[in-house]
Amino acid sequence: MSKNKFIAYENVFDEATLRGIFKLSGQGYFEAIEGPISTGKESNVFTVKYKDEKRVAKIYRTSANFKKMYDYMKSDPRFSGIKGTKLTIIYAWARKEFRNLLRAREGEVNAPTPFAVHQNILIMEYFDAPLLQNNGPKDPKMFYEKLIKEVIKLFKAGLVHADLSEFNILNYKEKPILIDFSHALDTRYPNVQRLLKRDIENLVRYFNKRGLKLDEKTEFERVWVHKK
Ligand SMILES: Nc1ncnc2c1ncn2[C@@H]1O[C@H](COP(=O)(O)OP(=O)(O)OP(=O)(O)O)[C@@H](O)[C@H]1O
Ligand SMILES: [Mg+2]
């Protein structure tokens, strides 16, 4: 990556993050940062250039609310041993999203393939698609059926998304792509039933506003029946 591009982001990121970006680009995961797609609560999301393609770099800010991340992670059996400083927690959070995405992809869920994680930086597949929130489905019933199949696949792979709504679903040519997996939890998590219910409620609310007559309990059961 060119030194100039590097300098352009110096105001956004601290030294350690800049070194991390440099390391990942040195390892060949991308060639240059292109531009920002989104500035979220805890992260900045950029497209990056990789050969003739784009990839996504999601960079958690080191000023993120790590206490909330910690509270959330400590009940997940995969991260229950986690302790340490602010950076340890934020880096674990990025690793958690990476591992969630890997597991989702192993379960053949429509979600970005993750390529690398280093410190607070996650590199993943880019989809040139709008959020469902900004681009509603042409055929809500068909879209919903595709979507619930993704939720079931994810559940069978051992995960509940836990932040699912029209804000974390892309409409890729009328096909749902799930994104933003940092909250996703192992199905062995004690509160998993409540979190799955909330995900389903969000979807049912969105699709019932668009003419469907879904019943929350029925839709929840369609997923929960696969609990091991
Ligand atoms: N793989 C991707 N392909 C295309 N666009 C993406 C991808 N990942 C994220 N985006 C875009 O970036 C936005 C923010 O990403 P994401 O939802 O993962 O983070 P966030 O909501 O900001 O999370 P947080 O609150 O943890 O900071 C999304 O709404 C979407 O527009
Ligand atoms: Mg999001």
Side-chain angles (χ1 to χ4, degrees), residues 9 12-14 17 20-21 24 29-30 33-73 76 79 86-87 89-106 108-137 147 150-151 154 159-185 195 198-199 202-203 206:
Y9 289 105
V12 185
F13 298 116
D14 55 275
T17 302
I21 292 171
L24 281 168
Y29 289 106
F30 63 92
I33 293 191
E34 290 184 333
I37 327 184
S38 143
T39 308
K41 240 184 6 264
E42 315 287 8
S43 68
N44 295 56
V45 178
F46 297 88
T47 54
V48 295
K49 191 178 161 334
Y50 174 77
K51 298 185 177 164
D52 293 335
E53 301 166 20
K54 287 178 198 287
R55 285 180 169 180
V56 162
K58 182 170 181 179
I59 305 179
Y60 285 96
R61 282 194 294 275
T62 47
S63 57
N65 186 343
F66 73 99
K67 291 208 176 76
K68 229 162 89 185
M69 292 173 171
Y70 172 76
D71 284 342
Y72 211 80
M73 253 185 305
D76 189 312
F79 290 91
K86 179 174 115 169
L87 281 186
I89 306 291
I90 294 170
Y91 293 179
W93 189 254
R95 261 195 331 275
K96 178 167 177 265
E97 179 158 24
F98 178 85
R99 285 174 58 179
N100 286 339
L101 283 169
L102 262 190
R103 210 199 271 189
R105 294 298 298 131
E106 278 162 14
E108 294 180 1
V109 175
N110 294 337
T113 298
F115 299 117
V117 64
H118 176 60
Q119 301 175 171
N120 51 334
I121 308 157
L122 169 62
I123 310 295
M124 64 181 136
E125 184 180 2
Y126 169 71
F127 288 94
D128 187 5
L131 280 178
L132 187 59
Q133 186 230 350
N134 300 325
N135 208 314
L147 186 52
E150 297 307 313
V151 178
L154 188 64
L159 289 178
V160 167
H161 186 286
D163 194 17
L164 199 59
S165 76
E166 64 273 26
F167 298 96
N168 285 327
I169 299 164
L170 303 176
N171 181 351
Y172 184 74
K173 301 175 185 164
E174 301 304 314
K175 203 175 85 179
I177 312 277
L178 312 189
I179 60 164
D180 203 354
F181 275 72
S182 64
H183 284 78
L185 292 163
L195 293 163
R198 198 178 61 186
D199 279 356
N202 289 340
L203 301 185
Y206 177 88

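Every value quoted in this text rests on a predicted model; they were computed, and no experiment measured them. The analysis underlying the following values was restricted to heavy atoms, covering all of them including side chains, and did not include hydrogens, waters or symmetry mates. Numbering of ligands and ligand atoms starts at 1, following listing order.
The structure places OG1 of Thr113 at 11.0 Å from CE of Met124, a figure rounded to the nearest 0.5 Å.
Near Pro112, meaning under 4.0 Å from any of its heavy atoms, are these atoms of ligand 1: 1 (N). Counting atoms of ligand 1 from 1 in the listed order, those under 4.0 Å from a heavy atom of Asn168 are 17 (O). Ligand 1 places these atoms under 4.0 Å from at least one heavy atom of Tyr126: 3 (N), 4 (C). Close contacts between ligand 1 and Lys58 involve ligand atoms 16 (P), 18 (O), 19 (O), 23 (O) [criterion: under 4.0 Å to a heavy atom].
Phe13 has its side chain out of reach of Ile121: every pair of non-hydrogen atoms, C-beta onward, lies at least 4.5 Å apart.
In terms of heavy-atom proximity, Met69 sits nearest to Ala64 at CE-CB, 3.7 Å. In this structure, Leu195 and Val160 approach most closely via the heavy-atom pair C-CG1, 4.2 Å.
Checking only distances, Phe127 does come within under 3.5 Å of ligand 1, N or O to N or O. Close N/O approach between Thr39 and ligand 1 is not found [any backbone or side-chain N/O within under 3.5 Å]. In terms of polar-atom proximity, Ser182 is not counted as a contact of ligand 1, lacking any N or O under 3.5 Å from an N or O of the ligand.
The pair Asp128-Lys54 does not meet the salt-bridge criterion, since no charged nitrogen lies less than 4.0 angstrom from a carboxylate oxygen.
Side-chain polar atoms of Asp14 and Thr17 form a donor-acceptor pair below 3.5 angstrom. A donor-acceptor contact closer than 3.5 angstrom is absent between the side chains of Asn120 and Thr62.
The heavy atom nearest to atom 1 (N) of ligand 1, out of those in Glu125, Met69, His183, is found in Glu125. When Arg61, Lys41, Gln133 are ranked by how near their heavy atoms come to atom 25 (O) of ligand 1, first place goes to Lys41.
At the top of the distance list for atom 30 (C) of ligand 1, counting protein heavy atoms only, stands Ile179 CD1, 3.8 Å. In terms of protein heavy atoms, atom 6 (C) of ligand 1 is closest to Ile37 CD1, 4.3 Å. For atom 21 (O) of ligand 1, the closest non-hydrogen atom on the protein side is Asp180 OD2, 2.9 Å. For atom 22 (O) of ligand 1, the nearest protein heavy atom (residue, atom name, distance) is Gly40 CA, 3.3 Å. In this structure, the protein non-hydrogen atom closest to atom 31 (O) of ligand 1 is Leu131 CG, 4.1 Å. Residue, atom and distance of the protein heavy atom nearest to atom 14 (C) of ligand 1 are Ser38 OG, 3.3 Å. Taking atom 15 (O) of ligand 1 as the reference point, the nearest protein heavy-atom neighbour is Val45 CG2, 3.7 Å. Nearest protein heavy-atom contact of atom 8 (N) of ligand 1 is Met124 CE, 4.0 Å.
Arg105 places no side-chain N or O within 3.5 Å of a backbone atom of Pro112 that could act as its donor or acceptor partner.
By the 6.0 Å contact criterion, CD on Glu108 is open, its count of non-hydrogen atoms from other residues, nucleotides or ligands being 12 or less. Counting heavy-atom neighbours within 6.0 Å of Tyr172 OH, excluding the residue itself, gives a total of 12 or less.
For His183, the ring-ring contact (aromatic ring centres under 6.0 Å, His included) test picks out Tyr72, Trp93, with sequence neighbours left out.
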For Asp199 and Val151, what are the C-alpha separation, side-chain angles and deciding distance, and is it a side-chain contact (heavy atoms from CB on, under 4.5 Å)?
CA-CA 9 Å; Asp199 279 356; Val151 178; over 6 Å; no
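Of all protein N/O/S atoms, those under 2.8 Å from the Mg ion (ligand 2) are Asn168 OD1, Asp180 OD2, and waters are not counted.
For the side-chain contact (heavy atoms from CB on, under 4.5 Å) with Glu166, the qualifying choice from Leu132, Asn134, Leu203, Asn135 is Leu132, the only one to do so. When each of Leu87, Asp71, Ile89 is tested with Phe66 by the rule side-chain contact (heavy atoms from CB on, under 4.5 Å), just one qualifies, namely Ile89.
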